[in-house]
Every structure is written in C-alpha cells, then in structure tokens.
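See below for the structure under consideration.
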Amino acid sequence: MSSADGNGNNEEREATEEIQKLKLEKGEQEKEEKEEEKKDDSNKEAPEEGNKEPTTSKPKRQKRKNRGLNGANSLYVKLVSRDEHEFIIRRELAEKSRVLKNMLRCPGGGSSNNTVYLHMIPSGVLQKMCNYLMYQKQYLKKQGEIEEFEIKPEDALDLMYVAGFFEI
C-alpha cells in the first residue's frame with residue numbers, strides 16, 4: 001500500500017512541478033510582452049510638428065501596423081507646408097480627407113515615404129488643419145456640450161479654402 005501511495009505522490013509531485021514550470025514560462029512570456037509594449041508605447045507618441053521622426057524598432061508581429069513613417073501601413077504620415085515645416089500626424093486623421101488619402105496612396109505621391117508636400121499651404125494654416133482633425137476625432141462621438149473649435153477671423157478665409165480643397 002505504501003508503494004502505491006509513493007507512486008501516487010511521485011506522480012502528484014511531478015504534475016505539480018510541471019505546472020510550476022508552465023507558470024514560470026508563462027510569467028516570463030508575459031514579462032517579455034510587457035517590456036515590448038513599453039518599448040512600443042515609448043515610440044507611439046510622435047511629435048505634432050518638428051523635424052524629428054519617431055524612432056521605431058522592428059515589430060515582431062507581422063499583423064501590426066508599422067509604428068513609424070516607413071511603409072504603406074505606417075501609423076504616422078508627414079505633411080510638409082509651403083515654408084517647409086513638417087507636421088507628423090496619425091494616418092487615420094490624415095485619411096479623413098479623401099484628397100490626402102489619395103495623395104498618400106497614389107504611385108509617386110506620398111506612398112513611398114508617407115510624406116505629402118503641400119506647397120500651396122502656409123504652416124500656420126496647415127497646423128490649424130491638423131489641430132482640427134484631432135479636434136474632430138476627439139469630439140465626433142461626444143454627446144452633450146462640445147467645446148468650440150476657435151478660429152481667428154484673419155485665418156477664417158484661408159481655412160475655408162483649405163477645408164473645401166481637402167473636403168474636411
């Protein structure tokens with residue numbers, strides 16, 4: 001009887017050890033995934049304007065969008081104004097405009113480096129347009145009282161032309 005109990009205890013002990021090993025492996029995998037997410041989060045936020053491109057590391061998963069400006073599925077795009085100021089915004093915001101979406105997707109346009117040169121728009125107006133795209137995303141689904149998007153009277157005419165051109 002003691003030999004049967006001994007075998008049962010050995011099997012139980014081995015099963016417990018196996019479970020502990022699996023838990024350790026799972027814990028290590030979760031730790032690695034959290035570290036990867038932290039790296040991705042630190043690269044996620046791109047500056048709204050400036051000459052810096054976000055630094056990116058190669059994603060391990062093929063299904064994810066590219067976190068930088070490179071590739072057709074990048075997360076950010078760069079808009080360059082008449083006076084060569086660069087505005088880096090999320091692709092989803094830029095693609096709210098059918099015109100920008102087509103410019104990014106046409107061959108020879110901005111598709112290779114995700115950069116669109118807008119030689120006819122000054123940087124002040126382009127900045128206001130980018131701010132409006134972010135405002136629109138933030139308040140589109142919000143119900144109740146919505147904060148007004150303020151436009152200076154001297155910028156109103158230029159913004160109206162840009163909004164009409166880009167179909168925003």
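By convention here, the first residue in the shown sequence is residue 1.
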Within 6.0 angstrom of E154 CD, more than 12 heavy atoms from elsewhere |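 Yes - once you tally the heavy atoms of other residues, nucleotides and ligands closer than 6.0 Å, there are more than 12.
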
Is the count of non-hydrogen atoms from other residues, nucleotides or ligands lying under 6.0 Å from Y161 atom OH greater than 12?
->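 Atom OH in Y161 is not crowded, with 12 or fewer foreign heavy atoms closer than 6.0 Å.
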
Distance check, rounded to the nearest 0.5 Å: [X] atom [atom1] versus [Y] atom [atom2]?
X    : Y    : atom1 : atom2 : answer
I121 : L79  : CD1   : CG    : 8.5 Å
E84  : E86  : CD    : CD    : 8.5 Å
L159 : L126 : CG    : CG    : 10.5 Å
N131 : I151 : CG    : CD1   : 11.0 Å

[X] versus [Y]: any side-chain heavy-atom pair under 4.5 Å?
X    : Y    : answer
V77  : M103 : no
E92  : K137 : yes
L104 : V116 : yes
F165 : M120 : yes
M129 : I168 : yes
V80  : T115 : yes
K78  : N114 : no
K128 : D158 : no

Over 60° means perpendicular and under 30° means parallel, so classify the ring planes of H119 and Y117, tilted if in between.
->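 Judged by the thresholds at 30° and 60°, the geometry between Y117 and H119 is parallel.
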
Angle class for the Y132/F149 ring planes (parallel below 30°, perpendicular above 60°, tilted otherwise)?
->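 Rings of Y132 and F149: perpendicular, as their planes differ by over 60°.
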
E147 to Y135 - nearest heavy-atom pair and separation |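 In terms of heavy atoms, the two residues are closest at O-OH, 2.5 Å.
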
Nearest heavy atoms of P122 and S81, plus distance in Å =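 Minimum heavy-atom contact is C-CB, 4.0 Å.
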
Has the side chain of R91 got a donor or acceptor atom that lies under 3.5 Å from a matching backbone atom of S74?
->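 It does hold such a pair.
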
Should L118 and M160 be counted in the same cluster of Ile, Leu, Val, Met, Phe, Trp and Tyr side chains packed under 4.5 Å apart?
->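 No; M160 is not reachable from L118 via cluster members.
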
Does K96 count as lying over the ring of F166, i.e. NZ or CZ under 6.0 Å from the six-ring centre, within 45 degrees of the axis?
->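 That pair does not qualify as a cation-pi contact.
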
May I ask you to decide whether R105 forms a salt bridge with E95, counting only side-chain N to carboxylate O separations under 4.0 Å?
->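 Salt bridge present between R105 and E95.
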
